[in-house]
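Take a look at the structure below.
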Number of protein chains: 2
Amino acid sequence: MLNYSTSEENYIKTIFHLQVDNDTVTTNALAHELLTRPASVTDMMKKLKTKKLVQYQPYKGFRLNMEGKKVALSIIRRHRLWEFFLSEKLKFDWDEIHDVAEELEHVSSRKLVDKLDEFLGYPKFDPHGDPIPDVHGKMENFQRVSLSALPFNTLAEVCLVSNQSSGMLEVLRHKNIAIGTKLEVKKKFGFDNSLEIKIRQQAPVTISEQLAKNIFVKYGS
Amino acid sequence: MLNYSTSEENYIKTIFHLQVDNDTVTTNALAHELLTRPASVTDMMKKLKTKKLVQYQPYKGFRLNMEGKKVALSIIRRHRLWEFFLSEKLKFDWDEIHDVAEELEHVSSRKLVDKLDEFLGYPKFDPHGDPIPDVHGKMENFQRVSLSALPFNTLAEVCLVSNQSSGMLEVLRHKNIAIGTKLEVKKKFGFDNSLEIKIRQQAPVTISEQLAKNIFVKYGS
DNA sequence: ATATTTTTTTAGATTTGTCTAAATTTTAAT
DNA sequence: ATTAAAATTTAGACAAATCTAAAAAAATAT
Ligand SMILES: [Mn+2]
Ligand SMILES: [Mn+2]
Ligand SMILES: [Mn+2]
Ligand SMILES: [Mn+2]
């Protein structure tokens, strides 16, 4: 895989994210996302086309091709591994890691990334719950977050309980929650950050903030 | 402290290293060191002068001023902390760390560097034995390396023994070596990498490779 | 179907960092 | 003191990445 400039990488990565939702990516959308001007996007699309990373016909929008997606995944891999490092090892707060990772992701030594991955224990998800691509670009196709970070009215499945104390297990059994349980969050009470959740046919249940933080769910396509 | 471009930082750092030996740094020396052309150096010196980081009069060479030195030290701090990280945590070989650190040093988040420093346990020396500047730019003014990395005929002082086993201590006592002993390496036998060392008035002694690797000495201005 | 608005592209300029070739200054040699 | 050589600077060009303003194309509205 060739080396690309920081600017090229930022374009490639952002196209990747945009084309998940929108089949074909528009000049304006990309310009808006990258805080740049449509004219700059057009210039870059010409360049990425000659480098055979995107399909692009003037006025018709663009998409990454196979090679483009491979490059994008390797950038996303670096970004999320660094985010994990910053959060897990350096104890950064969640809201501080993104901007730093945005710079670190452009240090492109293959060996660095793979050794970092090993050092971190091959994590599968970054601190935001987004899946981390492995060496081959493969990753889980769902998000994994704590219940307190799950968007409302989104069906999700319990996949992990971080605190395994007997007290925790007791309250889980009482509320009818176990690995594999499908649920959604209906409401949050700002007073104590407790959540009202709904499991299939059952009546709504209330969950404390502490409990919610220790229950991890997966959701998404 | 302002932010500087990668290119500016590489110039600043290299001037710092060159002006240790040479009182005033020349255009050619810097161009040679940075693998660039003298004309490019002149251009950059004009810029660094307007940014008040160097003293520079055409044809007279240049030096970093106080602010320039401060910036240089913060770049060297980042460089050496990352080298330590790569070697200590990611288990890179010594000869692979420099090029990667050359890139990582330009990620300038202050918080990142300070948290990395903390994570690493505030190391005082990088894997090459070069001192690491602290948050305030202060550092030891000597090198610390294992005896096997000490240049020939350089007076040095034993300051650390990494292996404290009784066998180790026995052989050290027998050879009259202790913390504070002043010595120099005279010769290396390629066959088994053993070293001939000289302690003050005493007759020369031979030291095995294994032993040499565990004895650390300090030397330099 | 035409006119209007929005989107996208082109044309031309700018900034940063680099280069080569030529001019200038300094240093060294005769 | 001249002359030759070396070091440095200037002049002018170029590539990368960006911008503004104008032109062109596509989408929308009447
Ligand atoms: Mn992120
Ligand atoms: Mn980025
Ligand atoms: Mn560097
Ligand atoms: Mn080093």
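Values below: every heavy atom of this structure, side chains too, minus hydrogens, waters and symmetry copies. First the proteins, then the strands, lettered A, B, ... as listed; each starts at 1. Keep in mind that what you see is a predicted model, and the values were worked out from it rather than measured.
Because its NZ or CZ atom is not both nearer than 6.0 Å to the ring centre of A:Phe16 and within 45° of the ring axis, A:Lys69 does not count as a cation-pi partner of that residue.
Rounding to whole angstrom units, CD of residue A:Glu8 and C1' of D:dA16 are separated by 9 Å.
Comparing atom distances between the A:Lys46 side chain and each of C:dT18, C:dT9, C:dT10 picks out C:dT10 as nearest. For B:Arg37, the side-chain atoms get nearest to C:dC19 when compared with the rest of C:dT10, C:dC19, D:dC19. For A:Ala39, the side-chain atoms get nearest to C:dA11 when compared with the rest of C:dT18, C:dC19, C:dA11. Ranking C:dT18, D:dT18, C:dT9 by closeness to the A:Pro58 side chain, first place goes to C:dT9. When distances run from any side-chain atom of A:Ser40 to the nucleotides D:dC19, C:dT20, C:dT9, the shortest one goes to D:dC19.
Residue A:Pro38 is in base contact, counting any heavy-atom pair closer than 4.0 Å across all strands shown. A:Phe62 comes within contact range of no nucleotide atom at all, as no heavy-atom separation falls under 4.0 Å. Nucleic acid contact for B:Ser7: sugar-phosphate only, since backbone atoms but no base atoms lie under 4.0 Å from a heavy atom of the residue.
Using a 4.0 Å cut-off between a side-chain N of Lys or Arg and a carboxylate O of Asp or Glu, B:Arg144 and B:Asp130 do not qualify as a salt bridge.
B:Asp126 and B:His79 share no side-chain donor-acceptor pair at under 3.5 Å.
Between A:Phe84 and A:Phe119, the distance from one ring center to the other does not fall under 6.0 angstrom.
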